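These numbers were taken from a predicted model, which means no experiment stands behind them. Order of the sequence lines sets the chain letters (A, B, ...), proteins ahead of strands, with each chain counted from 1.
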Amino acid sequence: MSVLIIAESQNNTIRSASNEAVFYGKKVAESLGTTCAALVIGEASGAASLGKYGADKVLQVDTGGKGFDSQAYTQIIKQVAQQESASVIVLMHSSTGKSLAGRLAIAMDAGLLSGATALPQIDGSSMIVSKTVFSGKAIANYELTGDVKVISVMGNSLKPELIGEEKTPNSLTLDLPTFNTEVLGVKTQSGTVPLPEAELVVSAGRGMKGPENWGIIEELANELQATTACSRPVADIGWRPHHEHVGQTGVAIRPNLYIAIGISGAIQHLAGVNNSKVIVVINKDPEAPFFKAADYGICADLFDVVPKLTAALQKAK
Amino acid sequence: MKLLVCISKTPDTTAKISFKDDNTQFNGDGVNFILNPYDEWYALVRAIELKEQKGGTVTVINVGDSSNDIIIRKALAIGADEAVRVDQPAKSSIDTAKQIAEYAKSQSFDVIFLGKETIDYNGAEVGAMVAELLELPYVSFASNMDSSAEHFVLTRDIEGGVEEIKLNAPFVVSAAKGMAEQRIPNMRGIMMAKRKPLNVIPGIETSSHTGVKSFTLPAEKDGVKMIDPDNMDELVRLLKEEAKVL
C-alpha cells in the first residue's frame with residue numbers, strides 16, 4: 001500500500017500547483033500509515049523540490065520528449081501504480097488531472113472523486129471525500145471503495161507546507177505506450193499566476209465603462225501581486241481577453257481573496273467565484289446582488305475608491 | 001462522418017437546491033432542468049458544423065428516463081439527426097460512461113463530443129471514462145477544432161494558456177467556450193425534431209466504487225460588512241487581521 005501523486009509540468013518545469021497535490025498525498029499517506037511517491041512524466045526541472053512538500057521519493061519517466069497524451073499517460077501511471085502497489089492516486093483537478101482521473105478510474109477499476117476540497121476521512125477500507133456541487137450551493141460527501149482510489153484535488157484546498165528535504169528523482173524504465181496524439185505547441189503567458197491557482201484575484205466588470213479605464217485595476221493587482229480577471233460581458237465585448245473570464249462558462253476559481261469591482265454579481269458569475277474564501281465587492285449600486293455573497297462591501301464609485309484602496313495597501317506595507 | 005454527442009440534463013443555475021431522504025438524494029421537485037450548456041452550446045453545435053462541412057450524421061445520446069425526452073428533442077431541434085436514450089435513471093458518471101461506451105462500441109463513431117463538464121457536479125469525468133473504455137484518444141476542454149485537413153488540430157485550454165494537439169479520428173473531445181457559437185432552435189427545427197428518430201434502448205448492469213453518501217449545505221456567510229469608502233485603511237486592516245488573507 002502506498003500513495004502515488006501525479007506531478008505536473010509545463011514548459012519542462014514542475015508546476016508549483018503540484019506542491020499542493022504532493023502535500024495532500026503526503027497527508028493521505030500519513031493517515032494510512034504509509035509512504036508516498038511523486039511521479040513526474042517527461043523532462044522537468046525542479047522535480048527534486050517535490051520532496052520538500054512531502055514526497056518520500058520522486059520518480060521520473062522519460063517519454064523521449066513526447067507531450068501530454070491522456071491515453072499514454074494513463075498507461076504509464078497504471079504501470080507505476082502497480083509497481084508501487086499504490087492504493088491511492090492523487091492528481092490536481094487541473095486540465096491535466098481532469099483528463100486523466102476518469103481514465104484512471106476505468107483503467108484501474110478505482111473509486112473516483114474529482115475536485116476534492118478537503119482531505120479524506122479514512123473509514124476502514126473506504127474513504128469519505130467531499131467536493132462542492134451545484135454551483136457551490138451544496139457539498140457532496142462521496143464514499144470511495146475498491147482497492148484503488150483516485151482523488152483529484154481542487155486548487156487552493158490545502159496550503160502546502162515545507163515539511164521535507166529535496167529528493168533526487170529516480171528514473172524508471174518502463175515499456176512506453178503508443179502516443180496517438182502529437183502536441184504541436186504550448187502557448188502560455190509568463191509572469192502571472194494562472195487564474196485557477198491564484199490566491200489573490202482582482203476582477204472587474206461593466207462598471208469600468210471601457211477598456212481604457214483598466215489602469216486602476218492593474219495598479220491594484222500589481223500592488224497585491226494578484227491575478228486579474230473579468231466578468232463575462234466584458235470578455236464578450238472584447239474589453240478584456242477571454243482567458244480572464246471567470247464565472248460559470250469561464251474559469252471557476254477559489255482564491256483566498258476575490259475583489260469584485262463594478263460587477264453586479266449575476267448567479268452565473270457567482271457560480272464561478274463563490275467558493276472564494278473572502279469576497280470584497282466594490283459597487284456603487286446598493287442593490288447589486290453581489291453584496292449578498294460578499295464578506296466586505298464598499299458602496300461607492302469605483303473610480304474614486306479603487307485608487308484609495310491601492311494607496312492604503314501601499315501605506316500598509 | 002459518424003458523430004456522437006453525449007448530452008446531459010442539469011438543474012438550471014438559478015435552481016434552489018435541496019435534498020431529501022435524510023440528505024442522501026437530490027430533490028428534483030419544482031426544479032427547472034436544462035440541457036447542460038456545454039453540451040448544447042459547444043459540443044452539439046460543433047458536431048453539427050462538422051457534419052455540415054464533411055457530411056455524415058449527428059447522433060445524440062443521453063442516459064435517463066423519459067423525463068429527459070424534452071432536452072433530447074431540443075438537441076434534435078438544434079440540428080442533430082437522431083437520438084438514443086438509454087432508458088434508466090442516471091446513477092453515476094461511471095455508469096453513464098459505461099452505458100455510452102456499450103452503445104458506441106458497435107457503431108464506429110469518428111468523433112465523440114461532450115461538453116467540458118456538467119454544471120451540477122463539474123467532474124469532467126465521463127469523457128475521459130468513455131475514451132478509456134473505447135481505448136480512444138481524449139482531448140479535454142477544446143476551445144477550437146481545425147477540421148480543414150484529413151487530420152484534426154485541437155486547441156485545448158490549459159492553465160494560463162493553450163496547447164495545440166494534432167490527431168486523427170476516431171477520438172473523444174470535450175468542448176469548452178470558443179468551440180462554437182450557440183444556436184437557437186428555430187420553428188422549422190422544432191417541427192422537424194418531432195419526426196426525428198428517438199430510439200430508446202435498455203441499459204446494461206454496471207458496478208462502481210464511487211457513491212454519494214450524503215449532501216450538506218455550506219455554512220451560511222455571516223453577512224456583508226460594509227466599509228466606509230473613505231476609510232480604505234480599515235479594509236486593509238480587516239483583510240490582514242480579521243480575514244487573514246493578506
Side-chain angles (χ1 to χ4, degrees), chain A residues 70-71 74 94-95 98-99 101-103 105-107 110-112 114-115 128 133-135 137-146 180-189 194 196-197 242 248-250 256-257 267-268 271 277-278 291 294-300 305 308-309 312-313 316, chain B residues 11 13-14 17 19 37 93-94 97 119-129 131-133 136-141 153 156-167 177-178 209-218 221 224-227 229 232-233 235-236 238-240 243 245-246:
Chain A
S70 65
Q71 195 176 18
T74 298
S94 60
S95 60
K98 290 177 199 172
S99 306
R103 292 201 87 121
I106 296 291
L112 167 65
S114 50
I128 310 290
V133 293
F134 300 113
S135 315
K137 285 183 270 191
I139 297 156
N141 308 301
Y142 282 81
E143 181 173 31
L144 309 188
T145 55
N180 290 319
T181 68
E182 181 191 349
V183 176
L184 299 177
V186 178
K187 288 177 212 150
T188 51
Q189 287 180 300
E197 286 144 22
H242 270 290
Q248 189 170 64
T249 48
N256 290 337
L257 174 62
I267 184 96
Q268 289 79 2
K277 287 199 184 88
V278 173
F291 282 122
D295 298 280
Y296 302 104
I298 302 139
C299 186
V305 80
K308 281 184 187 163
L309 175 55
L313 284 162
Chain B
T13 319
T14 56
I17 301 300
F19 303 99
S93 47
I94 209 153
I119 62 168
D120 48 6
Y121 288 90
N122 311 95
E125 294 168 1
V126 174
M129 289 175 173
E132 188 65 21
L133 287 162
L136 291 176
Y138 170 56
V139 175
S140 58
F141 318 117
V153 176
R156 166 176 175 260
D157 290 347
I158 60 173
E159 285 69 24
V162 293
E163 188 172 68
E164 282 199 333
I165 295 146
K166 180 179 165 184
L167 77 173
K177 187 177 183 182
H209 301 297
T210 309
V212 176
K213 205 169 164 71
S214 65
F215 291 97
T216 43
L217 294 172
K221 286 236 176 197
V224 59
K225 193 178 270 185
M226 296 306 289
I227 315 283
M232 284 301 100
D233 293 339
L235 177 62
V236 173
L238 288 168
L239 291 176
K240 282 187 178 200
V245 290
L246 292 184

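B:S140 and A:S99 get closest at one heavy-atom pair: OG-OG, 2.6 Å. B:L167 approaches A:N180 most closely through the heavy-atom pair CB-O, 4.1 Å. The shortest heavy-atom contact between B:P229 and A:C299 is CG-O, 3.9 Å.
With sequence neighbours excluded, no residue forms a ring pair (Phe, Tyr, Trp, His ring centres under 6.0 Å) with A:F291. Partners of B:D157 according to the side-chain contact (heavy atoms from CB on, under 4.5 Å) rule, which considers only residues two or more places apart in sequence or in another chain, are B:F141, B:S143, B:V162, B:A176.
Ranked by heavy-atom pairs under 4.5 Å with chain A, the first of B:A128, B:G161, B:G178 is B:A128. Counting heavy-atom pairs closer than 4.5 Å to chain A, the top residue among B:L246, B:I227, B:L239 is B:I227. Contacts with chain B were tallied for A:I139, A:L309, A:V278, A:I128; A:I139 has the most, counting heavy-atom pairs under 4.5 Å. Annotation: maximal heavy-atom pairing with chain B below 4.5 Å, among A:G297, A:S114, A:A138, occurs at A:G297. Options A:S95, A:A107, A:A140 differ in how many heavy-atom pairs under 4.5 Å they form with chain B, and the most are formed by A:S95. The most heavy-atom pairs under 4.5 Å with chain B, out of A:A105, A:G250, A:G115, A:G111, come from A:G111.
Heavy-atom distances place both the backbone and the side chain of B:I158 under 4.5 Å from chain A. Contact annotation for A:K137: both backbone and side-chain heavy atoms come within less than 4.5 Å of a heavy atom of chain B. Interface remark: A:T74 contributes side-chain atoms only to the contact with chain B (heavy atom separation under 4.5 Å). Neither the backbone nor the side chain of B:V126 comes within contact range of chain A; no heavy atoms are under 4.5 Å apart. Proximity to chain B is absent for every atom of A:A101, based on heavy atoms less than 4.5 angstrom apart. Looking at B:P218, the atoms closer than 4.5 Å to chain A (heavy atoms on both sides) sit in the backbone and in the side chain alike.
B:L235 places a side-chain heavy atom less than 4.5 Å from the side chain of A:Y296. At a threshold of 4.5 Å between non-hydrogen side-chain atoms, the residues B:H209 and A:L144 do not count as touching. Residues B:T13 and A:Q248 are in side-chain contact: their nearest non-hydrogen atoms beyond the backbone lie under 4.5 Å apart. Residues B:I94 and A:L112 fail the side-chain proximity criterion, which asks for heavy atoms closer than 4.5 Å.
Taking CD1 from B:I165 and CG from A:L184, the interatomic distance works out to 8.5 Å, rounded to the nearest 0.5 Å.
At least one donor-acceptor pair under 3.5 Å links the side chain of B:K240 to the backbone N or O of A:A316.
Ring geometry for B:F215 against A:F134 counts as tilted: the plane angle lies between 30° and 60°, on a 0 to 90° scale.
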Derivation and outcome, side chain to side chain contact (heavy atoms under 4.5 Å, CB included), residues B:M232 and A:V305: CA-CA 8 Å; B:M232 284 301 100; A:V305 80; 3.9 Å; yes
As a quick check of understanding, evaluate side chain to side chain contact (heavy atoms under 4.5 Å, CB included) for B:M129 and A:R103, giving each step before the final call. CA-CA 5 Å; B:M129 289 175 173; A:R103 292 201 87 121; over 6 Å; no
